[in-house]
Amino acid sequence: QVHLVESGGGLVQAGDSLTLSCAVAGLTFSTLTMGWFRQAPDQEREFVAGVNTWHNRATWYAESVEGRFVTWRRYDKNTVYLQMNTLKPEDTAVYYCAAAEDGSTRSRYAEDYGYWGQGTQVTVSS
């Protein structure tokens, strides 16, 4: 059974850092592209960050988080991470991890990711 299990969300102050993790089970982690998305109240789900496999290694970010957020993966742990630095109130959202079976894509679109985690709430106070 496929599971993407996220953890690490919480309540932080503006300017703080927070790291999310997503553990993947039921899929061959080394072949996946992993992505992060977020959804704020009354907003569409938006792309945050992505990382593909070692063979075509790359990370890519939404303009709104570039330079503040970093994503990476640990193949020995079947886990992808999102480190969020210099958090702003506008970063408040439910954050989701997602997996795409195309390990070489650099997609920014939710429809290209077939597997999703349950989401974890990140709240940034001013």
Side-chain angles (χ1 to χ4, degrees):
Q1 188 173 3
V2 175
H3 292 286
L4 280 67
V5 181
E6 295 166 278
S7 61
L11 174 63
V12 297
Q13 302 293 316
D16 285 353
S17 296
L18 195 65
T19 299
L20 308 181
S21 64
C22 176
V24 178
L27 297 168
T28 304
F29 183 72
S30 61
T31 68
L32 303 173
T33 289
M34 300 299 301
W36 290 94
F37 294 78
R38 67 186 182 186
Q39 189 166 17
D42 201 33
Q43 299 290 326
E44 294 183 348
R45 188 168 298 187
E46 66 173 343
F47 170 79
V48 177
V51 55
N52 61 18
T53 65
W54 68 268
H55 188 257
N56 190 22
R57 64 187 68 191
T59 55
W60 56 103
Y61 301 90
E63 186 175 341
S64 59
V65 307
E66 191 166 5
R68 296 190 297 121
F69 290 12
V70 179
T71 188
W72 74 97
R73 62 201 296 170
R74 289 286 302 271
Y75 291 96
D76 59 339
K77 297 182 180 292
N78 285 5
T79 299
V80 63
Y81 302 87
L82 181 69
Q83 181 177 318
M84 303 179 290
N85 301 309
T86 318
L87 282 161
K88 304 174 181 179
E90 51 263 46
D91 295 318
T92 295
V94 177
Y95 283 71
Y96 299 88
C97 68
E101 293 185 351
D102 181 356
S104 63
T105 186
R106 297 188 187 188
S107 177
R108 298 171 179 263
Y109 301 103
E111 58 264 35
D112 291 332
Y113 294 81
Y115 305 96
W116 292 84
Q118 80 285 0
T120 186
Q121 177 70 47
V122 173
T123 302
V124 184
S125 63
S126 61

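Not measured: the values here are computed from a predicted model.
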Is it true that Val5 and Trp116 fall in one hydrophobic cluster, defined by side-chain heavy atoms closer than 4.5 Å? no

Determine which pairs satisfy side chain to side chain donor-acceptor pair (under 3.5 Å) with at least one residue from residues 16-25, sequence neighbours left out, and list them in order. Ser7-Ser21, Ser17-Asn85

When you measure from the side chain of Tyr113 to the backbone N and O of Glu101, does any donor-acceptor pair fall under 3.5 Å? no

Side-chain donor/acceptor of Glu6 to backbone N/O of Leu20, under 3.5 Å: no

Would a 4.5 Å heavy-atom cut-off, applied to side chains only, mark Asp102 and Asp112 as touching? no

Side chain of Trp60, backbone of Arg106: donor and acceptor closer than 3.5 Å? yes

Is Met34 reachable from Tyr109 through a run of I, L, V, M, F, W or Y residues, each pair having side-chain heavy atoms under 4.5 Å apart? no

Tell me whether Thr59 contacts the main-chain N or O of Val51 through its side chain, where contact means a donor paired with an acceptor under 3.5 Å. no

Should Val122 and Val94 be counted in the same cluster of Ile, Leu, Val, Met, Phe, Trp and Tyr side chains packed under 4.5 Å apart? no

Checking side-chain polar atoms at under 3.5 Å, does Thr33 have a donor or acceptor matched by the opposite partner on Asn52? no

Are Val80 and Trp72 side-chain neighbours, meaning at least one heavy-atom pair lies under 4.5 Å? no

Tell me whether Val124 is reachable from Tyr96 by hopping between hydrophobic residues (I, L, V, M, F, W, Y) whose side-chain heavy atoms are closer than 4.5 Å. no

Considering non-hydrogen atoms only, spot the tightest contact between Ser126 and Gln13 and give its length. O-OE1, 3.9 Å

Could you check whether Arg73 makes a cation-pi contact with Tyr81, meaning its NZ or CZ is under 6.0 Å from the centre of the six-membered ring and within 45° of the ring axis? no

Is it possible for you to say whether Leu87 and Val70 belong to one hydrophobic cluster, with membership spreading through side-chain heavy-atom contacts below 4.5 Å? yes

Can you tell if the side chain of Tyr95 reaches within under 4.5 Å of the side chain of Leu18, non-hydrogen atoms only? no

Donor + acceptor pair across side chains of Thr123, Gln121 (<3.5 Å): yes

Please name the pair of heavy atoms, one in Ala49 and one in Thr71, separated by the smallest distance, quoted to 0.1 Å. CB-CG2, 3.9 Å

Should Arg38 and Gln43 count as side-chain neighbours, where that means a heavy-atom distance under 4.5 Å? no

Main-chain N/O of Thr28 paired with Thr31 side-chain donor or acceptor, under 3.5 Å: yes

Got a second to check how far Glu46's CD is from Trp36's CH2, nearest 0.5 Å? 14.5 Å

Over 12 foreign heavy atoms within 6.0 Å of CD, Glu44: no

How long is the straight-line distance from OG of Ser30 back to CG of Asp76, given to the nearest 0.5 Å? 12.0 Å

Short side-chain to backbone donor-acceptor contact, Ser107 and Thr105, under 3.5 Å: no

Pair Met84, Leu82 - check side-chain contact (heavy atoms from CB on, under 4.5 Å), show working. CA-CA 6 Å; Met84 303 179 290; Leu82 181 69; 3.9 Å; yes

Ignoring hydrogens and angles, tell me if any N or O in the side chain of Tyr115 forms a donor-acceptor pair with the backbone of Val24 under 3.5 Å. no

Ring-ring centroid check Phe37 Phe47, cutoff 6.0 Å: yes

